[in-house]
Asks: 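For reference, the structure I am asking about is given below.
Computation of the quantities below employed the complete heavy-atom set of this structure, encompassing side-chain atoms and omitting hydrogens, waters and symmetry-equivalent molecules. Every chain is numbered from 1 and lettered A, B, ... according to where its sequence line falls, protein lines coming before strand lines.
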Amino acid sequence: MPYQILEKDKRTKARLGRLFTAHGAVETPVFMDVGTLGTVKALTPRDLLETRAQVVLGNTYHLMLRPGAEVIAAAGGLHEFMRWHGPILTDSGGFQVFSLAKNRRITENGCWFNSHIDGHEFFLGPKESMAMQRVLGSDIAMVFDECLPYPCDRARAEKSVAQTLRWAAACRGEERAAGQQVFGIVQGGVYDDLRRHCAEELVKMDFDGYAVGGVSVGEPEECMYAAVEASVPFLPEEKPRYVMGLGVMHQMAECIARGVDMFDCVIPTRIARHGTAITRKGNVAIKAAKWIRDQGPVEEGCDCYCCRNFTRSYVRHLIATGELLGLHLLTLHNVRALNRFMEDARAAIREGNFHDFKEQIRKETTQQ
RNA sequence: GCGGGAGUAGAUCAAUUGGUUAGAUCAACAGAUUGUGAUUCUGUGGGUUGCGGGUUCGAGUCCCGUCUCCUGCC
């Protein structure tokens, strides 16, 4: 039994669970850190352990180009290569079908890309993606899908969903690494019936878990929740649900309340590198002048290494001068901030007051 | 003392033979960022063109004076 539900919230659809992987159990709801190129930018695996990170993401498209399958195979897989011995989830490259849309053309069996690095042409489809994820040896592999843009007309969405389903079936039929789970991905844009259809067809293929994809691609927030509501109810209760690309606290809380267990996002690491801290009182631009002499921590009450040891004044100085330590410390904080958020969310579910927790998060992080 | 060169935004520099509202890049400040093409992107503020005269319809630009700095020569 790879997924176990420990507790269900009464007022919302929130669940407390445990996902078992080849590299350990994951307490859900969980936020997973994005480490596209085999590193969560600016952090070591030791740092990740300290922040109590549970899962790290890798990216098939990017790792396939650099360093390439042979190098990672020679290292014995991604865990060994990057020396992260906890669970790894690999994205299939489906997001790059969206984010690198200028450099690719879709065909029946997959996608021709022109490398964003040197322009050379190469092919990535369900078969190639699963082969690469097998080499990576991730605990959870994602099916190769097409992440649809927003807006997207009905005809295109229909065609794309049909193709995503064909690709999902192809991925399902591929061989896996030892102990590797595979998750399907629900697409369908803003069209509820397409979402439902996609979810139901995926469920027939019997994946280990299911993701909601194609959200947070520029649509209004209500559309995002609508897409989750149009997908999650048609997924099996006893399997983990994962909304891809979400990392804003109140948005994750809303999704947890709708029965979602897993999230990932570049937000904490990216905005850290741009000088912004995630806190329970909303985002704080640490690079702002008003902190220039501030002797308080980045976030009051935070237990991370950055907040326990350094002042806003100092971290601001590091960011302002472009010092590497600034990127490191703020990344460390932001990663810890989201892990702490999830720890509190799990505690709230356990204690039966997740609804209030969610409302409080919304109120306090979105005020002003 | 004499000759030459240079003075323009906080910094480094642009600006056609004199011609619209003196620009650019850093810096500063503000905002974005959602399965990373991201140490990124967008925006804003900022000028007595060393100073004082003159010529001209019009001067950063030409002329005179003056100050400062750099450089060469005695």
Asks: Rounded to whole Å, please give me the gap between CG in Asp91(A) and C1' in G35(B).
Replies: 4 Å
Asks: If pairing requires Watson-Crick or G-U wobble contacts with both distances under 3.5 Å, which nucleotide is the partner of A30(B)?
Replies: U42(B)
Asks: State whether Glu299(A) and Arg340(A) are salt-bridged, where the test is any N-O pair (Lys NZ or Arg NE/NH1/NH2 against Asp/Glu carboxylate O) under 4.0 Å.
Replies: yes
Asks: Taking for each residue the nucleotide of RNA chain B with the nearest heavy atom, is it Tyr242(A) or Gly322(A) whose nucleotide lies nearer the 5' end?
Replies: Tyr242(A)
Asks: If the P atom of U49(B) is compared with that of G60(B), how far apart are they to the nearest Å?
Replies: 7 Å
Asks: Nearest to the side chain of Phe95(A) - U33(B), U34(B), G35(B)?
Replies: G35(B)
Asks: Quantified in whole Å, what is the C1' atom distance between nucleotide G19(B) and nucleotide A59(B)?
Replies: 10 Å
Asks: Name the nucleic acid region contacted by Gln187(A), choosing base, sugar-phosphate or nothing; use a 4.0 angstrom heavy-atom cut-off, strictly under.
Replies: base
Asks: Between the side chains of Tyr3(A) and Asp261(A), is a donor N or O closer than 3.5 angstrom to an acceptor N or O?
Replies: yes
Asks: With rounding to whole Å, what would you report as the distance between G37(B) and C41(B) at their C1' atoms?
Replies: 13 Å
Asks: To the nearest Å, how far apart are Leu325(A) CG and U39(B) C1'?
Replies: 14 Å
Asks: For C73(B), which nucleotide is its Watson-Crick or G-U wobble mate, given both distances must be under 3.5 Å?
Replies: G1(B)
Asks: Atom NZ of Lys287(A) and atom C1' of U33(B): how far apart are they, to the nearest Å?
Replies: 10 Å
Asks: In the strands shown, is U16(B) matched to any nucleotide by a Watson-Crick or G-U wobble pair with both distances under 3.5 Å, and which?
Replies: none
Asks: Just checking Gly247(A): base, sugar-phosphate only, or nothing, at a heavy-atom cut-off of under 4.0 Å?
Replies: base
Asks: Does the structure show a Watson-Crick or G-U wobble partner for U68(B), both distances under 3.5 Å? Name it, or say none.
Replies: A6(B)
Asks: Closer than 4.0 angstrom, basic N to acidic O: yes or no for Asp208(A) and Arg176(A)?
Replies: yes
Asks: Can you tell which of G37(B), G35(B), U34(B) lies closest to the side chain of Arg270(A)?
Replies: U34(B)
Asks: Using the P atom as the reference point in each nucleotide, state the distance between A9(B) and A24(B) in Å, no decimals.
Replies: 15 Å
Asks: Would you kindly give the CZ-to-C1' distance between Phe31(A) and G35(B), to the nearest whole Å?
Replies: 11 Å
Asks: Which part of the nucleic acid, if any, lies within reach of Ala211(A) when heavy atoms closer than 4.0 Å are counted: base, sugar-phosphate only, or nothing?
Replies: nothing
Asks: Answer whether the closest heavy-atom distance between the side chains of His120(A) and Asn114(A) falls below 4.5 Å.
Replies: no
Asks: Does the base of G35(B) carry an N or O that pairs as donor and acceptor with the side chain of Asn59(A) under 3.5 Å?
Replies: no
Asks: Measure distances between side-chain N and O atoms of Thr269(A) and base N and O atoms of U36(B), and say whether any donor-acceptor pair falls under 3.5 Å.
Replies: yes
Asks: Classify the side-chain pair Gln54(A)/Asp33(A) by whether it contains a donor and acceptor separated by less than 3.5 Å.
Replies: no
Asks: Check every strand shown and say whether Leu89(A) touches a base, only sugar-phosphate, or nothing at a heavy-atom separation below 4.0 Å.
Replies: nothing
Asks: Check Lys281(A) with Glu300(A), please: is the shortest side-chain N to carboxylate O separation under 4.0 Å?
Replies: no
Asks: So what does Gly214(A) hit on the nucleic acid, given a heavy-atom distance under 4.0 Å: a base, only sugar-phosphate, or nothing?
Replies: base
Asks: Report which part of the nucleic acid Ile117(A) touches: base, sugar-phosphate, or nothing (heavy-atom distance under 4.0 Å, all strands).
Replies: nothing
Asks: Are the charged groups of Glu254(A) and Lys358(A) less than 4.0 angstrom apart, N to O?
Replies: yes
Asks: May I ask you to say whether Arg154(A) pairs ionically with Asp193(A), meaning some side-chain N is under 4.0 Å from a carboxylate O?
Replies: yes
Asks: Ignoring hydrogens and angles, are the base of U39(B) and the side chain of Arg273(A) linked by a donor-acceptor pair under 3.5 Å?
Replies: no
Asks: Out of G35(B), U39(B), G37(B), which has the shortest distance to the side chain of Lys41(A)?
Replies: U39(B)
Asks: Using the P atom in both, what is the distance from C2(B) to G65(B), to the nearest Å?
Replies: 13 Å
Asks: Any base atoms under 4.0 Å from Lys290(A), or only sugar-phosphate, or nothing? Heavy atoms, all strands.
Replies: nothing
Asks: Send over the distance from Glu219(A) CD to U33(B) P, rounded to a whole Å.
Replies: 12 Å
Asks: Where the side chain of Leu324(A) is concerned, which of G31(B), C29(B), U39(B) is the nearest nucleotide?
Replies: U39(B)
Asks: Provide the distance between the two C1' atoms, one in U61(B) and one in G54(B), to the nearest whole Å.
Replies: 15 Å
Asks: Compare the aromatic ring of His274(A) with the six-membered base ring of U39(B) and state whether they stack according to the 5.5 Å and 30° rule.
Replies: no
Asks: Using whole Å, what does the distance between atom P of nucleotide G35(B) and atom CG of Leu57(A) come to?
Replies: 9 Å
Asks: Taking the same atom, C1', in U42(B) and in G4(B), what whole-Å distance lies between them?
Replies: 47 Å
Asks: Once you round it to whole Å, what is the distance between P of A30(B) and CD1 of Ile286(A)?
Replies: 12 Å
Asks: Is the phosphate of U36(B), meaning OP1 or OP2, less than 4.0 Å from a side-chain N or O of Thr36(A)?
Replies: yes
Asks: Taking any heavy-atom pair under 4.0 Å as a contact, classify Arg316(A): base, sugar-phosphate, or nothing.
Replies: sugar-phosphate
Asks: Rounded to whole Å, how long is the line connecting atom CG of Leu327(A) with atom C1' of A38(B)?
Replies: 12 Å
Asks: Determine: side-chain N/O of Gln96(A) to OP1/OP2 of G37(B), distance under 4.0 Å, yes or no.
Replies: yes
Asks: Using atom P in both nucleotides, what's the gap between A27(B) and U40(B) to the nearest angstrom?
Replies: 9 Å
